Amino acid sequence: MTKINENYLKLKAGYLFPEIARRVKVFSEKNPSAKIIRLGIGDVTLPIVPSVVDAMVSAAKEMGTTQGFHGYGPEQGYSFLLKAIAENDYGKLGVNIQENEIFVSDGSKCDCGNIQEIFSHDAKIAVGDPVYPVYVDTNVMAGRTGDSGSDGRYENLIYMPSTRENGFHPDFPKEAPDLIYLCYPNNPTGTVATKETLKAWVEYAKKHKSIILFDSAYEAFISEKGIPRSIYEIEGAREVAIEFRSFSKTAGFTGLRCAYIVIPNELKGFTKDGKEVSVQSLWSRRHTTKFNGVSYVTQKAAEAVYSTRGKKEIAESIAYYMANAKAIREGLSKLGYDVFGGVNAPYIWLKTPKNMSSWDFFDHLLDKAQVVGTPGSGFGPSGEGYFRLSAFGKKEDVAEAIQRISALS
Ligand SMILES: *Cc1c(COP(=O)(O)O)cnc(C)c1O
């Protein structure tokens, strides 16, 4: 008899997106001619930019030649890409990151999900609420939590509510966690952290010997000056933080797959008897044992993101999405909705009107305006009463969605 990992049975069924799909299907069967506008997606929609396509074509052709063939590459990533990342994503911010501190991977979802493996089974975990579900579910699978209660919370997991009341910046937990997941610009709330906020977190982590897992997947959408793009802009962060970055939202790589993680040389964990161990060396061991590198063609594509032409083209795509975000934000604000985010992130987070539940508002929008968004309660108990709209759609669709929502009021 083969026993299974019963922690998997604690997971709430992948409820959110299947349930959205189910409700949309029921509606379209009843209303076959209705044109439904989807602003629920967390995926990019614009095509890969020409400079990146050219880099892939040229790398693919190289692979077909004797001199240009590449087999297994370095697991950590080719030096040409590590160098481009260090120079462009960090050097330009005045932050010094060495090539050996960067690990290229096939996605931040995997990185955010895998990182917990190198920490103790009894590590205490803190997550934002609402939250990107990957942080929670991977710790449930690893057995760090108990069952989920009727309040939607797993036992033995520290939830840090971010709501309108605290400006979407959670208070420090009463019980000090070992690992703290932070995501800025935030998915789903679209809010960002100032230097002061991050500085306070870095000091908190230092004081409690905690490690911050900083997910910066939406860094490229920051438009306001003075908002930190990397946690390493904060003094002392190298000793307490791991940073996750991805080409997915930045450069439309959701279908190409390339991301990276930064683990500074100074970052230390501890053995049971208090001996310091380099976190980077543990991750390096894990990465090189379980991962065989991102394809040469994809790493060449990622390198092109940093070329002069690449930067210009990608800035245009981001501007397109952010114009959508502005239209949604301003459109809904004018109608009296309480809206957050959408300035430094491609997500708009809104308070549902008349204290409707997240799912009631979902049904209301679908029914009356044929607009699909994402119920906030799907991201955690504190998301109840909120709703997420994404700016990753087509400009015309966004304009029509706003018009239809105005007609409701
Ligand atoms: C989209 C997203 C990622 C990136 O995932 P990839 O696996 O790199 O595509 C990471 N974190 C958050 C919060 C995201 O929304």
Side-chain angles (χ1 to χ4, degrees), residues 14 16-17 39-46 48 52 77 81 85 89 102-116 125-139 160 162 168 170 179-193 212-222 229-231 241-262 287 290-291 293-295 298-299 301-302 305 314 317-318 321-322 325 341-342 344-349 373-374 376 378-380 383 388-393:
L16 181 63
F17 290 100
L39 300 182
I41 36 168
D43 194 357
V44 295
T45 53
L46 291 174
I48 301 281
V52 172
L81 181 56
I85 291 169
D89 285 346
I102 304 167
F103 296 82
V104 173
S105 77
D106 60 355
S108 268
K109 188 190 219 181
C110 328
D111 289 340
C112 297
N114 290 330
I115 195 73
Q116 47 78 28
I125 312 294
V127 294
D129 171 24
V131 71
Y132 182 54
V134 177
Y135 317 148
V136 174
D137 289 0
T138 52
N139 279 293
M160 305 185 293
S162 28
F168 303 98
L179 295 173
I180 305 164
Y181 290 81
L182 294 181
C183 176
Y184 288 113
N186 191 264
N187 176 13
T189 68
T191 52
V192 283
I212 296 171
L213 303 171
F214 191 76
D215 185 346
S216 186
Y218 295 94
E219 168 275 332
F221 295 84
I222 294 175
R229 293 174 170 272
S230 162
I231 194 159
I242 293 175
E243 184 159 287
F244 301 87
R245 291 262 188 122
S246 173
F247 293 92
S248 282
K249 315 297 165 29
T250 305
F253 274 46
T254 51
L256 271 183
R257 313 305 305 143
C258 196
Y260 66 87
I261 158 174
V262 176
H287 193 72
K290 296 195 176 183
F291 189 65
V294 172
S295 81
T298 304
Q299 291 192 59
V305 168
I314 277 150
S317 302
I318 290 185
Y321 295 133
M322 291 314 284
N344 297 297
Y347 297 117
I348 287 86
W349 187 245
T374 315
F379 298 100
R388 190 189 79 175
L389 291 173
S390 144
F392 286 133

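These numbers come from the heavy atoms of this one structure, side chains and all, not from hydrogens, waters or symmetry mates. All figures in this text were calculated on a predicted structure; none of them were measured in a lab. Remember, it's 1-based here, ligands and their atoms both numbered in the order they're listed.
For atom 9 (O) of ligand 1, the nearest protein heavy atom (residue, atom name, distance) is S248 OG, 2.6 Å. The protein heavy-atom contact nearest to atom 14 (C) of ligand 1 is K249 NZ, 3.3 Å. With respect to atom 11 (N) of ligand 1, the closest heavy atom belonging to the protein is D215 OD2, 2.7 Å. Closest protein heavy atom to atom 7 (O) of ligand 1: R257 NH2, 2.7 Å.
Y135 and Y132 have perpendicular rings, their planes meeting at more than 60° on a 0 to 90° scale where under 30° would count as parallel. Under the 30°/60° scheme for interplanar angles, the aromatic rings of Y347 and F392 are found to stand perpendicular. F247 and F253 have tilted rings, their planes meeting at an angle from 30° to 60° on a 0 to 90° scale.
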What's the verdict on side chain to side chain donor-acceptor pair (under 3.5 Å) for Y260 and D89, showing C-alpha distance, side-chain angles and the deciding distance?
-> CA-CA 11 Å; Y260 66 87; D89 285 346; 2.6 Å; yes
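Heavy atoms from both the backbone and the side chain of S108 come within less than 4.0 Å of ligand 1.
A distance-only check finds no donor-acceptor pair linking the side chain of R245 to the backbone of A259 [under 3.5 Å].
Taking every heavy atom of K109 and a limit of under 4.0 angstrom, the matching atoms of ligand 1 come to 5 (O), 6 (P), 7 (O). Short contacts between ligand 1 and G107, defined as distances under 4.0 Å to a heavy atom of the residue, involve ligand atoms 7 (O), 8 (O). Against a heavy-atom cut-off of under 4.0 Å, S246 is close to the following atoms of ligand 1: 4 (C), 6 (P), 8 (O).
Looking at heavy atoms from C-beta onward, E219 lies out of side-chain contact with S230 at the 4.5 angstrom threshold.
Checking T191 against N186 by side-chain atom types alone, no donor-acceptor pair falls below 3.5 Å.
For ligand 1, one of its N or O atoms has an N or O atom of Y218 under 3.5 Å away.
Under the 4.0 angstrom criterion for non-hydrogen atoms, T254 is not in contact with ligand 1.
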